[in-house]
Trainee: 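Let me give you the structure first, and then I'll get to my questions.
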Amino acid sequence: MSDKSKDILRIEELRSVLRENSRRYYVDNNPVISDFEYDSLMRELEELEARYPHLATPDSPTRKVGSDLETQGMGENAEAGVRTDFVQRAHRYPMLSLSNTYSISEIEEFAARADKALGKGFSYCVELKFDGTAICLTYRNGELYRALTRGDGVQGDDVTRNAKMIAGIPRRLHGDYPAEFEIRGEILMPYKDFERLNAEREEAGEIPFANPRNAASGSLKLLDPSEVAHRGLCCTLYHIPAQSVTFPTHDEALSKASSWGLPVSDKRKICSDISEIKEYIDYWDKERRFLPYATDGIVIKINELEAQRTLGYTSKSPRWAVAFKFKAEEVCTRLNSIDYQVGRTGAVTPVANLEPVLLSGTVVKRATLNNGDQMALLDIRVGDYVFVEKGGEIIPKITGVDFSKRAAGLVPPVFPEVCPDCGTPLQKQEGEARCFCPNNLTCPQQIKGRILNFMSRKAMNIIGGKSMVDQLVNRGLVKGPADLYSLSKYELMSLDGWQERSAERLLASLAESRQVGFERVLFALGIPFVGETTAKALARHFRSIDKLMEVGREELEEVSDVGAVIAPSVVEFLSSEQHRDEISRLRAFGLRFEISQESGLLSSALEGKTIVISGNFSVSRDQIKEMIALHGGKNSGSLSARTSFLLAGDKPGPEKMRKCAQLQIPVLDEAAFRAMLPAVEEAMEPAPAQTVTELSLF
C-alpha cells in the first residue's frame, strides 16, 4: 500500500475517532481520552488535510465545532433526570471554538502574525480558560431573556429555566445597560460542590462524575430546575459579541458588564507583548491550583475590537484569539493490585491500588481502570509502573504504562469470570464494554447499592449513608428496601456508633418517606435503566403499579422516554416473583403505588387520550409533556391506531404528518390544544427572528 493510500485511510480513521470522542465529551459527559490526546489527534488530521486539500470536507472535525445537542444520543453513563428534548434555538452570532496549543512557540507565532497584520497600536487581553460548559445569555430591557448552550455552534439548547437557578446569574440588571445584548461565558461547578455531589452519588450507588466540567454540563440539562439549584453551579462571563454593544476594547466591554451586575472574571490582564503573556501563563500555571474551580489554560485575545474585525475568522475559530492549554500534572507510581468492585446495577469495575503518590496537592492511592477492554488497551499488569493524572484536577486516571520499567515475568491480569462478591458467573452483553453480575437478588454489593439508591434524596429521601447500610446488610438485618421499615429502635441502637437519638431520627425519616409520591417510589425500586425521568413518565402514563405490572413490552414502548432497552427491563423486573413480593411488602408498609387526584393532577380534560407531539412550541417540549400529564393524558413517542391526536408545533416532522394522514389521526396546533384545558399556562416569550450578520466567539 502506498504512503498516500495509508494517509487517506488515516484521515478517515481520525475523523471517526474524533467524532466519537467529541460525542463522548460534549453529549455523554464521559470522555475516555485526555484533552491532550484529543488535541494531538486533531492536529494530526489538520496536517493531513493540509497535505491533501482535495480530501477536506465541510463536515470534518477540523471545520466543525463540537456539539452538545442531545439529538446525537445519550451514552451509557448519562445521568438520570437529564432532559433530552430541549427546544433548540439559533444563535444570533455563531458560537465558535478556540484554536488550542500546548506550545509557547505557537503563542509566539500567533503574536507575530498579529504584529504583521495589524502593525502597532494594539494590546492583548489574557484571561483564564475555565473548564466548564459554555453558555450564551441574552438580556432584554435589563432582564434575563434567554440562555442557550453552545450546541453545534449554530444552534443551542434553550436552558433558560435552569440558568435562572444558577447563583450569580442575575435575572435583573442595574445601571446603564443596552436595551438588548448577548454575553457569553462558562457554567462551572466549584470543587467543594463537585466533591459533595459525588459523595451523594456514591452513597446512592450511582457512578460519580469524572470531573467538574462533566458535572456542570450534566447539571445544566437536568429535568428539575430545583435540582439545578442544589448542584451549586456558578457562572463566569468573559465575552460580549462586538455586535451587541459598542466599546473600543474587549476589556472595557467586560468592565462595563461587571458594573451592570454580571459575574465577569476579575483575573484578566492587559499585556503589551509576548514576554508579559509568558509571565501571566507561568504565574497561573502554579496559582490555578488554589482557585475554587477548574481551569485548563489561558486565553489570549486581541483587545481592540476593530483589530478583531480586521483579523476575522476561520470556519471554526477566530484569528484574533488562541488558547494555551496546561498539560495535566502526571506522576509515575507502582500498580500494587487490582480490585473488582460491584455496583448497584451489577456492573463490575476494576480499580487500581497504587503505591501512594502526591499528585496536584493530594495523595493518590487508587484510580479507576473503567473496564476490561481499557485494561487490555493499556496492556497493564500488576507490578507495572503507571502514569497517573487527575482528570479535571480531581479524579485520578491511569493514562499509560512505563514499559521501560516493566519487570520480567509480569503477566496480564485476568478479569474475573465470576462475581467477586457472590460468585455468580458474570455476563457481558453484545456491544457493552462492562461485565455484569446477573444475581441482582442476593449479591450483597448489589443489595447495598439498591438500598442506597432507594434511600437517596431523589428517591425516598431517607437519612443515612453507606456505613449504616453496610452494617445493616452485613448483620443480616436488611436484605432489601422493605426491611428498612421493620427495623426497631433496639436493632438500630446495636449498630456501631448509634445511640437513641440517631435511631429515632432514622425512624422518623422512614415514617416521613411514606408520603413520597408514586413517581419517586417507582424510581426508588431501582429497575435497571429506569432513571428519574423515565420513572416519572411511566408513573404518569399508567397511574399505578398494578397497571404497570399488567402491560407488555409493546405498550411500554408507546411511552415517551421508553425504548427497546428500557421496556424489556421493566417487564423482566416486574415479572419477577421476588420483586413483586418486595413491592407487596412496601405497599403494606404504606408506600404509595398509585397516582391519585390529590397528587398533583390539575384536571381530567385529557383523560383517556394518548397524544404524540412534534415540532417546536412556545414553551419547551418537556413543559408540553408536563401539561398533558397534569391534565390526565398520556404521552407517546410514536403514532399508532391508539393515538388520539398529534399535537403539532412549528415545523412538525414531515414523516409524522404523513403517517397522521394515512391513519386519519387528527392534528391539533398549540392554540387548539390549550383551548381543551380548563386553565391556560403562561408561555415563555417566543424567540425573535435572527439574522447572522457577523461571526462571534464563544
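Predicted, not measured: the structure shown is a model, and the values here were computed from it.
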Trainee: Over 60° means perpendicular and under 30° means parallel, so tell me whether H239 and W320 are parallel, tilted or perpendicular.
Mentor: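 Taking W320 first and then H239, their aromatic rings lie parallel (interplane angle under 30°).
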Trainee: So, are R406 and D379 salt-bridged, with charged N and O less than 4.0 Å apart?
Mentor: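 D379 and R406: salt-bridged.
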Trainee: Is a donor from one side chain sitting under 3.5 angstrom from an acceptor on the other, for N474 and K448?
Mentor: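 Yes, because at least one side-chain N or O of N474 sits under 3.5 Å from a partner of the opposite role on K448.
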Trainee: Check step by step if salt bridge (Lys or Arg N to Asp or Glu O under 4.0 Å) holds for D131 and R288.
Mentor: CA-CA 12 Å; D131 196 13; R288 65 192 175 101; over 6 Å; no
Trainee: Is any side-chain heavy atom of T295 less than 4.5 Å from a side-chain heavy atom of Y293?
Mentor: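 Yes, their side chains come closer than 4.5 Å.
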Trainee: Check this for me: does any side-chain nitrogen of one of D296 and R213 sit under 4.0 Å from a carboxylate oxygen of the other?
Mentor: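 No, D296 and R213 are not salt-bridged.
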Trainee: Tell me whether K405 forms a cation-pi arrangement with Y385, defined as NZ or CZ under 6.0 Å from the six-membered ring centre and within 45 degrees of its axis.
Mentor: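 Yes; both conditions hold, so K405 lies above the ring face of Y385.
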Trainee: Between R231 and D193, does any NZ, NE, NH1 or NH2 come within less than 4.0 Å of an OD or OE carboxylate oxygen?
Mentor: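 No, D193 and R231 are not salt-bridged.
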Trainee: Applying side chain to side chain contact (heavy atoms under 4.5 Å, CB included), run through L128 and T236 and close with a yes or a no.
Mentor: CA-CA 10 Å; L128 292 176; T236 297; over 6 Å; no
Trainee: Quiz question: by atom type and distance under 3.5 Å, do the side chains of S105 and S103 form a donor-acceptor pair?
Mentor: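 Yes, a side-chain donor-acceptor pair sits under 3.5 Å.
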Trainee: Do V159 and V228 make a side-chain contact, defined as non-hydrogen atoms from C-beta onward lying under 4.5 Å apart?
Mentor: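 V159 does not reach V228 side chain to side chain.
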Trainee: When the aromatic ring centroids of Y340 and F415 are compared, is their separation below 6.0 Å?
Mentor: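 Ring centres of F415 and Y340 closer than 6.0 Å.
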Trainee: Tell me whether K466 is salt-bridged to D470, with the criterion being a basic N under 4.0 Å from an acidic carboxylate O.
Mentor: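 Yes, charged N to carboxylate O under 4.0 Å.
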Trainee: Step by step, work out the side chain to side chain contact (heavy atoms under 4.5 Å, CB included) result for V342 and C419.
Mentor: CA-CA 8 Å; V342 185; C419 175; 3.8 Å; yes
Trainee: Stepwise, does the side chain to side chain contact (heavy atoms under 4.5 Å, CB included) test hold for Y280 with Y124?
Mentor: CA-CA 12 Å; Y280 185 89; Y124 301 94; over 6 Å; no
Trainee: To check you understand the geometry: which heavy-atom pair defines the closest contact between G343 and Q446, and what is its length?
Mentor: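 So the minimum-distance heavy-atom pair works out to O-CG, 3.5 Å.
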Trainee: Among K267, K269, K301, whose salt bridge (Lys or Arg N to Asp or Glu O under 4.0 Å) with E127 holds?
Mentor: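 Among K267, K269, K301, the one that satisfies the salt bridge (Lys or Arg N to Asp or Glu O under 4.0 Å) with E127 is K301.
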Trainee: First locate atom CD1 of I298, then atom NZ of K278, and finally report the distance between them rounded to the nearest 0.5 Å.
Mentor: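 That separation rounds to 15.0 Å.
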Trainee: Could you tell me the separation between the CZ atom of R196 and the CG atom of N198, rounded to the nearest 0.5 Å?
Mentor: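 The CZ atom of R196 sits 10.5 Å away from the CG atom of N198.
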Trainee: With a 3.5 Å distance limit and no angle check, can you tell me whether R366 reaches the backbone of N353 through a side-chain donor-acceptor pair?
Mentor: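 No.
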Trainee: Check whether S569 reaches the backbone of P528 with its side chain - one donor and one acceptor, N or O, closer than 3.5 Å.
Mentor: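 A pair under 3.5 Å: yes.
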Trainee: Any side-chain donor paired with an acceptor under 3.5 Å for R268 and H250?
Mentor: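 Per modelled atom types, R268 and H250 side chains form no pair under 3.5 Å.
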Trainee: Can you see which heavy atom on D157 is nearest to which on K221, and at what distance?
Mentor: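 Smallest interatomic distance, heavy atoms only, reads OD2-NZ, 2.9 Å.
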Trainee: If you round to the nearest 0.5 Å, how far is CZ of F130 from SG of C234?
Mentor: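 Nearest 0.5 Å value for the SG-CZ distance: 9.0 Å.
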Trainee: Flag the pair K365 / L354 as yes when at least one side-chain heavy-atom distance between them is below 4.5 Å, and no otherwise.
Mentor: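 Side-chain contact under 4.5 Å: no.
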Trainee: Looking at A347, is its backbone amide N or carbonyl O close enough to the side chain of R434 to form a donor-acceptor pair, meaning the two atoms are under 3.5 Å apart?
Mentor: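 Not a single qualifying donor-acceptor pair exists.
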Trainee: CD1 of I169 to SG of C235: how many Å apart, nearest 0.5 Å?
Mentor: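 Answer rounded to 0.5 Å: 4.0 Å.
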Trainee: Quick check: does any side chain N or O of D273 sit under 3.5 Å from a backbone N or O of E276, one acting as donor and the other as acceptor?
Mentor: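 It does hold such a pair.
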Trainee: Would you please name every residue forming a side chain to side chain donor-acceptor pair (under 3.5 Å) with R10, sequence neighbours left out?
Mentor: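 Side chain to side chain donor-acceptor pair (under 3.5 Å) check on R10 returns E13, E44.
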Trainee: Are the charged groups of K129 and E186 less than 4.0 angstrom apart, N to O?
Mentor: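 A salt bridge is absent here (no side-chain N lies under 4.0 Å from a carboxylate O).
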Trainee: Looking at every non-hydrogen atom in both residues, tell me the closest pair between N370 and T349 and how far apart they are.
Mentor: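 In terms of heavy atoms, the two residues are closest at O-CG2, 3.8 Å.
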Trainee: Determine the minimum heavy-atom distance between V418 and L426, stating which atoms define it.
Mentor: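 Where V418 meets L426 most closely, the heavy atoms are C-CG, 3.7 Å.
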Trainee: Which heavy atom of S317 sits nearest a heavy atom of S97, and at what distance?
Mentor: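 Shortest heavy-atom contact: CB-O, 2.9 Å.
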Trainee: Quick check for you: to the nearest 0.5 Å, what is the distance between T333 atom OG1 and D384 atom CG?
Mentor: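 One finds 12.0 Å between OG1 of T333 and CG of D384.
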Trainee: Taking all non-hydrogen atoms of both residues into account, name the closest pair between I281 and F326 and its distance.
Mentor: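 Shortest heavy-atom contact: O-CE2, 3.9 Å.
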Trainee: Looking at CD1 of I277 and SG of C271, how far apart are the two atoms once the value is rounded to the nearest 0.5 Å?
Mentor: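 Rounded to the nearest 0.5 Å, the CD1-SG separation comes to 5.5 Å.
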Trainee: With sequence neighbours excluded, what pairs up with N303 under the side chain to side chain donor-acceptor pair (under 3.5 Å) test?
Mentor: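 For N303 the side chain to side chain donor-acceptor pair (under 3.5 Å) partners, ignoring immediate neighbours, are S123.
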